[in-house]
Amino acid sequence: ETFEAAVEHIKKANARTDHMLKLYGLFKQATVGDCRIPAPKMMKLVASAKWKAWKANEGLSVLDAMNNYVDYVAKISKDFKPAE
């Protein structure tokens with residue numbers, strides 16, 4: 001519930017690109033698990049950045065990825081208050 005609220009909240013926020021990449025990686029880890037796709041070609045800058053952000057969370061459990069996502073949204077968006 002809190003994870004879904006954080007996802008919806010950040011969709012409406014105007015977050016910096018570096019924040020969005022970190023959140024992308026945590027979201028993919030929380031919803032898909034470890035990255036099992038090969039790295040894209042370096043010339044594909046956006047795809048490569050997303051892949052690296054996801055790969056950085058390898059080994060993190062689904063629950064930990066969700067909690068880290070919620071904590072990070074709360075950190076970068078002062079108007080988001082996670083439910084307790």
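We're numbering straight along the sequence, starting at 1.
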**Request:** Search all heavy atoms of Ala30 against all heavy atoms of Val62 and return the closest pair with its distance.
**Result:** O-CG1, 3.3 Å
**Fill in**
Nearest heavy-atom contact between Cys35 and Lys55 is O-NZ, 3.6 Å
**Message:** With a 3.5 Å distance limit and no angle check, can you tell me whether Trp54 reaches the backbone of Gly33 through a side-chain donor-acceptor pair?
**Reply:** yes
**Asked** Do the non-hydrogen side-chain atoms of Ile76 and Ile10 ever get within less than 4.5 Å of each other?
**Response** yes
**Asked** What are the two closest heavy atoms between Ala53 and Asn57, and how far apart are they?
**Response** O-ND2, 3.0 Å
**Asked** Once you round to the nearest 0.5 Å, how far does NZ of Lys28 lie from CG of Leu23?
**Response** 14.0 Å
**Prompt:** Is a donor on one side and an acceptor on the other found under 3.5 Å between the side chain of Gln29 and the backbone of Leu60?
**Reply:** yes
**Message:** Could you go through His19 and Tyr72, starting from their C-alpha distance and side-chain angles, then the distance that decides it, and tell me whether this counts as side chain to side chain contact (heavy atoms under 4.5 Å, CB included)?
**Reply:** CA-CA 9 Å; His19 293 313; Tyr72 197 71; 2.6 Å; yes
**Message:** As an exercise, state the distance from CG of Asp71 to CE of Met66, rounded to the nearest 0.5 Å.
**Reply:** 13.5 Å
**Request:** State plainly whether one hydrophobic cluster holds both Val7 and Val73, where clusters connect Ile, Leu, Val, Met, Phe, Trp and Tyr through side-chain heavy atoms under 4.5 angstrom apart.
**Result:** yes
**Request:** For atom CG of Asn14, decide whether the heavy atoms of other residues, nucleotides or ligands shown that lie under 6.0 angstrom number more than 12.
**Result:** no
**Asked** Backbone N or O of Phe27 within a donor-acceptor pair of the Thr31 side chain at under 3.5 Å?
**Response** yes
**Item:** Gap separating the OG atom of Ser61 from the CG atom of Asn67, nearest 0.5 angstrom
**Value:** 8.0 Å
**Message:** Hydrophobic cluster membership, with links at side-chain heavy-atom distances under 4.5 Å among I/L/V/M/F/W/Y: are Val32 and Trp51 in one?
**Reply:** yes
**Item:** Closest approach of Glu8 to Lys11 (non-hydrogen atoms, all atoms of both residues)
**Value:** OE2-NZ, 3.1 Å
**Heavy-atom neighbours of Glu4 CD exceed 12 at 6.0 Å** = yes
**Message:** Using 30° and 60° as the class boundaries, would you call the ring planes of His9 and Phe80 parallel, tilted or perpendicular?
**Reply:** tilted
